[in-house]
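Scroll down for the structure; my scribbles are underneath it.
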Amino acid sequence: MDEKFLKPYDPKKSEDTVYKRWEESGFFKPEKTDSPDGERFSIVLPPPNVTGTLHMGHAAMLAIEDIAVRFERMSGKQTLWLPGTDHAAIATQSKVEEIMYKKEKKTRHDIGREEFLRRVDAYAKESHDTIVNQIKKMGASVDWSREAFTLDEARHRAVNTAFKKMYDDGLIYRGEGMVNWDPKLQTTVSDDEIEWDEETVPFYYLKYGPFIIGTSRPETKFGDKYVVMHPDDTRYSEYTDGQTIKLEWINGPISATIIKDTAIDMEFGTGVMTITPWHDRTDFEIAERHDLDKEQVINERGILLPIAGEFAGEHIKKARARIVEKLRAKGLVDKVDEKYVHSIAINSRGGGIIEPQIKEQWFVAVNKEFPIAYSAMDGIASGETVTLKKLMRHAVESGQIKIIPDRFEKIYYHWIDNLRDWNISRQIWYGHRIPVWYHDPICIPLADREDDISKCIPIVVSGTKPECKFCAAAYTQDPDTLDTWFSSGLWTFSTLGWPDETADLKRFHPTDLLETGYDILFFWVARMILMTTYLLGDVPFRTVYLHGLVRDEKGKKMSKSLGNTIDPLEMIEKYGADATRLSLVVGAPPGNDISLSEGKVRGYKHFANKIWNIARFVLSNIPAEANSEKPALRKEDNAWIESLVLVSEDISKHIAAYRFDLASDILYHWVWHEFADKYIEEVKPALKDGTDEEKASVQWTLYAVLTDCLKLLHPFMPFVTEEIWAGLPRKDAELLMIAPWPTVPSDKIQEMLHT
RNA sequence: GGGCGCGUAGCUCAGCUGGUUAGAGCGUACGCCUCACACGCGUAAGGUCAGAGGUUCGAAUCCUCUCGCGCCCACCA
C-alpha cells in the first residue's frame with residue numbers, strides 16, 4: 001500500500017498536482033476521447049465577468065457543470081466543455097473608472113479613449129488570470145486549448161458578422177426611442193439591467209388650472225402642456241379632447257391642451273395627469289398616440305434646461321426644493337402627501353438613478369416580421385415569416401429547448417411577451433465598437449445619384465473602415481459600443497468558430513446543456529436563443545439547467561456590504577475543492593437557492609477523509625497484487641454487490657435527470673453509512689478468522705465496491721478519488737477521470753449477481 | 001396589480017404519482033483514543049409536518065382559504 005494512505009487526506013498536498021496530471025493527460029480535450037458510437041456531449045462555460053474574482057455562485061456553477069461533464073466523459077461520450085471569460089462592458093468599465101477615480105481623481109475623459117482602454121485591458125487581463133486560476137482550483141475539467149474571450153479577435157468577427165446580417169435584414173435599426181439613461185455612467189442601459197428600489201418621497205398635488213394633478217417629481221413639470229384624463233371619466237366629461245385652456249403654471253401663464261386617453265387610471269389620484277413625454281415612458285407613449293410635442297427638460301447630466309426658466313442650469317436634485325417653494329408661493333400646491341412610496345430605477349451595474357430620455361440609439365427589432373433564411377428547427381421552415389419574439393418562444397414551446405426546473409418556462413414566456421425592442425448601443429468605450437461608418441455629409445447629393453445608390457453610401461456597416469470611391473473624405477465610425485449581451489448571445493457558436501463552418505461547429509453545436517443561475521435567464525439565456533435561432537436557424541442548447549443563488553446560512557443574499565460572503569478560494573484552502581463542491585451540490589435542487597455555511601463545507605471535508613480511510617482499510621486488507629480473478633462469492637458479499645448495483649443505477653438515473661442534489665445525497669449516505677458503517681464492520685471477523693475462500697470473497701468484494709464507489713464519487717469529488725485511484729494496484733484506466741462509468745446493463749445484472 | 005417559490009426536529013434540507021411507529025446531515029447531550037478513520041464510533045434527546053377547513057377507509061403528500069418569508073414581472077402619474 002502506498003505510504004500516503006497512512007496520513008489523513010490532505011487536499012492541499014494533492015489537488016494542484018492532480019489537476020496538472022489531468023491537464024497534461026490531454027483528456028480535457030474531446031480529441032483525446034474515443035467515442036466509437038459517435039456520441040458527444042458539449043457545453044460552454046458561462047463566461048465569468050472579468051471584473052475581479054469568482055464568488056460562490058461561480059463555484060456552484062463550476063461544480064454542477066463539472067459533475068455533468070465528468071459523468072458524460074466517463075460514460076464514454078466525446079466531451080467538450082469550452083471555457084472563456086466575458087468582457088462585461090459596462091460592469092468592467094465602471095469598475096476601472098471607480099478605481100481610477102479613487103486613486104488619481106481622474107475620469108476616463110481626462111485620459112482619453114485610447115489610454116483608458118489600455119487600462120481596462122490591463123485590468124481585464126489581470127482579472128482573467130485570477131479567474132482562470134480559480135476555475136482550475138475548483139477542478140473544472142474544461143478544454144483550455146479552446147478558451148475564448150467575448151472581446152477577442154475571433155469573437156469580434158462574429159459580432160460584426162451578426163450585426164451586419166441583422167442590419168441587412170432590417171432587424172437592427174437606428175432610431176429615436178425612449179431609453180434608460182444613466183447620468184452617472186453617461187450611457188444607456190437595457191431594461192433588464194435596471195433594479196427597482198423603493199423610496200419614500202413627498203407626493204405633491206398641484207393646481208393645474210381647474211385640475212389637481214399629482215406628482216412626485218415637480219422638477220420635470222416645466223414643459224407639461226398636455227393634461228390627460230380617461231375618456232370615460234364622468235367627472236371631466238365637460239372637457240373635450242383637443243380643447244385648450246389657459247392656466248397659471250410654474251413660470252407664468254401657459255396654454256394647455258386636454259387629451260383623452262385610456263391609459264389613465266381613473267382610480268389613481270384625481271384621475272388627471274400632465275405628461276412629460278421626454279422623461280417618462282408612459283407619457284412618451286401617450287404623446288406618440290396623439291402626435292404631441294415632446295420637449296427635453298433635463299439634460300444628460302441631470303441639469304435643467306432653459307425650459308425651466310429661472311431654474312435652468314441647476315441640478316434636479318437641488319432644484320426640487322426651490323421649485324416646490326415657488327409653487328407654494330404661487331398657491332399652486334394643493335396638498336402634500338409626505339409618505340408616498342414609489343420605485344426608482346437604478347442601474348444595477350454600478351451606476352446611478354436612471355433618467356428616461358429620448359435618444360437616437362441602435363435597436364434590435366423584436367416584433368418585426370422577416371423571412372428566416374434558414375431553419376433546422378422543428379416547426380419553422382426555411383423562408384417562413386417570423387419575428388425574433390416568435391423564434392424565442394417557439395424554441396421552448398416546441399420542446400426543442402427544455403428549461404429545468406420547468407416553472408421557469410412560464411417566466412420566460414412572460415418576459416418575451418413584455419419585451420420591447422432591445423436597445424443595443426452604449427455610450428461607453430469598453431466593448432465591441434458598433435461596426436457602422438458614417439459619411440457625412442455625403443459627397444454626391446442624393447438628387448445627383450441617378451438612382452444608383454451605390455454611388456455614395458452615407459452609412460456603411462462593416463468591420464473594417466470603408467473608403468468612399470468618390471471623394472477623399474474618410475468615414476467615421478459610430479462612437480458607441482454594443483451591449484455586452486450582444487456578444488455573449490453568440491457564445492455557444494462564436495466559441496466554435498462561427499461565422500466559419502468549422503469542424504468544431506459541426507461537431508459540437510447545438511450544445512447539450514446550458515447551466516447558469518436563474519438570475520440571468522433573461523440577460524443571457526433568452527438572448528442566446530434569440531441570436532442562435534436567427535443566425536443559425538437552430539437552438540443553442542437542448543437543456544437549460546438553472547441553479548439558485550448561493551445564500552448564507554440564514555438565507556440572506558451574500559454581499560460584501562453585509563460582510564456575509566464566503567470566499568470559494570478560502571474554503572478550498574481550508575477544506576479542499578471536493579468539500580467545497582459537495583457543499584454546493586447536496587441539498588440544492590435545480591432552481592432553488594442554496595444556503596451555505598462554513599460548517600457545511602467542513603462536514604464534507606470529513607467525508608473526503610472518510611473515503612480516504614475506506615481506501616486505506618481496503619488496501620491494507622487485500623494482497624498487494626490484487627487479484628483480478630473473481631472468486632466464488634459469499635452470500636453476504638453477493639448481496640452487497642447487488643446493493644451497489646442498485647445504488648449505482650439510482651445515481652446514474654438522478655444524474656441523467658439533472659438531480660445532482662439527490663445523486664450526491666444518496667452516494668454520501670451509501671458510502672458512509674452502508675459501505676463503511678455496515679459492510680466494513682461486518683467483514684472484519686471474516687478477514688481475521690475466515691477461511692481462505694471467505695477471505696478471497698471479501699477481499700474481491702471490498703475492492704470491487706471501492707473502485708465502483710470511486711467512480712461514482714468522481715464527478716462530485718474528483719480530487720480525492722483521483723488521488724486514491726493513483727494508489728490502486730489494479731484498475732481499468734490509468735486515470736479515474738476516463739475510467740468507465742459503472743453502469744451495468746440490465747441483462748448483466750442477473751448474471752453478475754449469481755456467479 | 002399579475003405571477004412564482006417556500007414554510008417538515010435548534011440549523012440546512014429529503015420525503016416521487018396520498019398507505020405500516022415522519023427521515024438524513026450538521027448541531028446538542030452522554031459514553032468510547034475499539035488494531036481504517038477522534039476529520040472517528042456508539043447511544044440519546046428533539047417534530048400538533050405554518051394555521052383552518054375539505055376530499056378520502058387513510059394526507060406532510062391532493063383541493064380551498066388564511067398567515068408568514070422570499071423572488072420575478074408591470075406604463076404606481
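Within every chain, numbering begins at 1; the chains are lettered A, B, ... in the order of the sequence lines, protein sequences first and strands thereafter.
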Spacing of N613(A) atom CG relative to U34(B) atom P, expressed in whole Å: 15 Å
Are any of H606(A)'s side-chain N or O atoms less than 4.0 Å away from OP1 or OP2 of C37(B)? no
Roughly how far apart, to the nearest Å, are A52(B) and C67(B) at atom C1'? 10 Å
Find the partner of C65(B): check Watson-Crick (N1-N3 plus N6-O4 or O6-N4) and G-U wobble (N1-O2, O6-N3) distances, both under 3.5 Å, and reply none if neither fits. G51(B)
Can you tell me how far C1' in G5(B) sits from the matching atom in A9(B), rounded to whole Å? 23 Å
Inter-nucleotide C1' distance (C11(B), G27(B)), Å rounded: 7 Å
State which of C39(B), A36(B), C26(B) makes the closest approach to the side chain of F617(A). A36(B)
In Watson-Crick or G-U wobble terms, with both distances under 3.5 Å, the base opposite A44(B) is U28(B)
What I want to check is whether an N or O donor and acceptor connect the side chain of K600(A) with the base of C26(B) at under 3.5 Å. no
I'd like the P distance from C39(B) over to U28(B), given in whole Å. 14 Å
Using atom P in both nucleotides, what's the gap between U12(B) and G19(B) to the nearest angstrom? 26 Å
Roughly how many Å is it from NZ in K410(A) to P in C72(B), rounded to a whole number? 18 Å
Using the test ring pair (Phe, Tyr, Trp, His ring centres under 6.0 Å), find all partners of H606(A) that sit at least two apart in sequence or belong to another chain. none
Watson-Crick or G-U wobble partner for C76(B), using a 3.5 Å limit on both distances? none
Report the base-pairing partner of C4(B) (Watson-Crick or G-U wobble, both distances below 3.5 angstrom), or none. G70(B)
Side-chain-base donor-acceptor pair under 3.5 Å for K221(A) and A77(B): no
In whole angstroms, the gap separating P of A14(B) from CZ of F660(A) amounts to 16 Å
With rounding to whole Å, what would you report as the distance between G10(B) and G51(B) at their P atoms? 14 Å
Does V720(A) reach the side chain of W612(A), with side-chain heavy atoms less than 4.5 Å apart? yes
Could you give the CZ-to-C1' distance, from R407(A) to G5(B), as a whole number of Å? 5 Å
Rounded to the nearest 0.5 Å, what's the gap from NZ on K390(A) to CG on N367(A)? Could you check? 13.0 Å
Please determine whether a side-chain nitrogen or oxygen atom of W196(A) lies at a distance below 4.0 Å from atom OP1 or OP2 of C71(B). no
Can you measure H673(A) atom NE2 to C37(B) atom P for me and round it to whole angstrom units? 18 Å
Return the CG to CD1 distance between D224(A) and I254(A), rounded to the nearest 0.5 Å. 8.0 Å
Provide, to the nearest angstrom, the distance between the NE2 atom belonging to H669(A) and the C1' atom belonging to G23(B). 9 Å
Please check the phosphate of C37(B) (OP1 and OP2 only) for any side-chain N or O of K7(A) closer than 4.0 Å. no
Can you sort out the partners of T270(A) under side-chain contact (heavy atoms from CB on, under 4.5 Å), two or more places apart, ordered by chain and number? I212(A), Y236(A), V272(A)
Round to the nearest Å and state the distance from N592(A) atom CG to C71(B) atom P. 15 Å
From CD of E193(A) over to C1' of C73(B), roughly how many Å is that when rounded to an integer? 17 Å
Rounding to the closest angstrom, what is the interatomic distance between G42(B) and U56(B) at atom P? 47 Å
For M392(A) against I416(A), the heavy-atom pair lying closest together: CB-CD1, 3.7 Å
Between the CD atom in E649(A) and the CG atom in L644(A), the distance rounded to the nearest 0.5 Å is 10.5 Å
Nucleotide paired to U20(B) in any strand shown, Watson-Crick or G-U, under 3.5 Å: none
Give me the distance, rounded to whole Å, that separates C30(B) from C69(B) when you measure between the P atoms they each carry. 38 Å
Side chain K610(A) and base C39(B) donor-acceptor under 3.5 Å: no
Give the nucleotide from the list C76(B), C71(B), C73(B) with an atom nearest to the side chain of R551(A). C71(B)
